[in-house]
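Take a look at the structure below.
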Amino acid sequence: LSLKFGDIGNLKGLVIRFLLTTSYYQLSVQNWFSLHRLQLLYNHSIQATFNASRIYAPASYSYHCEHVSSLQRYDALLIPSSANDLSKLWEVTFIDFQIQGFNIQEGHFAYAKDCASFFSPAILMGLVMSLILLLVLAYALHMLIHLKSLDRHYECKASPAYFAQMKDNDMGDEKEPLRSSGSESYELRNQQFCKIYI
């Protein structure tokens, strides 16, 4: 597939050539096409060649990517084929790139297979955060399951009543001391004790 631009400045007869191949894969039971190589031609000769990586789609689909570039900041899908040619001197970037080599109907692109990875940085961060939350939840459940229950039963019993002899100083503190015909006075006291069962 060749895109001919003609003369642009000092570049005489600028052509961008895409070399596409198709292959049949038994695992997917269908044909796939791939962009094998990109060539830049001007002055009627090949000046730069880039090998394409990860640019492929089913033959009945088209391929779409926001950036297809030789620059690292765009994931460098175009790699210079050799250090000896002029490819290192070129920086090639296609924006909103879409290509389809085969099975074109009515001059329109078929459904596009996008280059966006299923594991983009945002998705990976979400998965990591979900994993951390799951670990915290699992630890909390583990602690709840192994928590020892403290069942306390309180039982209070009253001791039998007894009479204790009151002393003279206790008698002086009372507003209304107990009076009796004898010389001794007694007070009714009730003592309680509690038992705690764990």
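- Applying the 6.0 Å contact sphere to OH of Y24 captures more than 12 heavy atoms from other residues, nucleotides or ligands.
- L35 and Y61 fall into different hydrophobic clusters, where Ile, Leu, Val, Met, Phe, Trp and Tyr residues are linked whenever their side-chain heavy atoms come under 4.5 Å apart, directly or through other members.
- To the nearest 0.5 angstrom, L38 atom CG is 9.5 Å from S70 atom OG.
- Contact detail for S62 and A110: the closest heavy-atom pair is OG-O, 3.0 Å.
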Query - Full working for side chain to side chain donor-acceptor pair (under 3.5 Å) between H64 and D96 - result: CA-CA 7 Å; H64 175 265; D96 197 19; 2.6 Å; yes
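- Side-chain contact between Y56 and R54 is present, with at least one heavy-atom pair separated by less than 4.5 Å.
- At least one side-chain heavy atom of I132 sits under 4.5 Å from a side-chain heavy atom of V128.
- Neither L40 nor Y74 shares a network with the other; the hydrophobic side chains, linked directly or stepwise wherever heavy atoms of I, L, V, M, F, W or Y lie under 4.5 Å apart, form separate groups for each.
- Using a 4.5 Å heavy-atom threshold, the side chains of W90 and F50 count as touching.
- To the nearest 0.5 Å, atoms CE (M129) and CG (L134) are separated by 11.5 Å.
- Side-chain contact between Q39 and L41 is present, with at least one heavy-atom pair separated by less than 4.5 Å.
- In the hydrophobic clustering of ILVMFWY residues, with side-chain heavy atoms under 4.5 Å counting as a link, I55 and V92 come out together.
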Query raised in the report: Would N31 and S23 count as a side chain to side chain contact (heavy atoms under 4.5 Å, CB included) if you check the C-alpha gap in whole Å, the side-chain angles of each, and the deciding distance to 0.1 Å?
Result: CA-CA 5 Å; N31 288 317; S23 303; over 6 Å; no
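- Under the 4.5 Å side-chain heavy-atom criterion for Ile, Leu, Val, Met, Phe, Trp and Tyr, Y42 and F5 are members of the same hydrophobic cluster.
- Separation of atoms CG (L137) and CG (L133) is listed at 8.5 Å; rounding is to 0.5 Å.
- Judged purely by atom type and a 3.5 angstrom limit, N51 has no side-chain atom pairing as donor or acceptor with the backbone of R37.
- Atoms CD1 and SG, on I95 and C65 in that order, are 11.5 Å from each other to the nearest 0.5 Å.
- Taken together through direct or relayed side-chain contacts under 4.5 Å among Ile, Leu, Val, Met, Phe, Trp and Tyr, L14 and L1 form part of one hydrophobic cluster.
- The 12-atom threshold is not exceeded at OH of Y111, counting heavy atoms of other residues, nucleotides or ligands nearer than 6.0 Å.
- Residues V15 and L3 form no side-chain contact, since every pair of their non-hydrogen atoms from C-beta on lies 4.5 Å or further apart.
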Report task. Would you check, one step at a time, whether the test side chain to side chain contact (heavy atoms under 4.5 Å, CB included) holds for H36 with L20? Result -> CA-CA 6 Å; H36 181 62; L20 301 164; over 6 Å; no
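- One finds the CD atom of Q100 at 8.5 Å from the CD atom of Q105 (value rounded to the nearest 0.5 Å).
- Between F97 and Y63, the closest side-chain pair of non-hydrogen atoms falls below 4.5 Å.
- Here the side chains of K113 and P58 are in contact, with some heavy-atom distance below 4.5 Å.
- Using modelled atom types, one side-chain atom of H146 and one backbone atom of H142 make a donor-acceptor pair closer than 3.5 Å.
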Requested in this report: With side chain to side chain donor-acceptor pair (under 3.5 Å) as the test, would you mind laying out the steps for T93 and E91 before giving the verdict?
Outcome: CA-CA 7 Å; T93 301; E91 292 181 355; over 6 Å; no
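- Residues T22 and F102 are in side-chain contact: their nearest non-hydrogen atoms beyond the backbone lie under 4.5 Å apart.
- Close placement of the F94 and F18 rings is indicated, their centers lying within 6.0 Å of each other.
- Distance check: L78 CG to S69 OG gives 6.5 Å after rounding to the nearest 0.5 Å.
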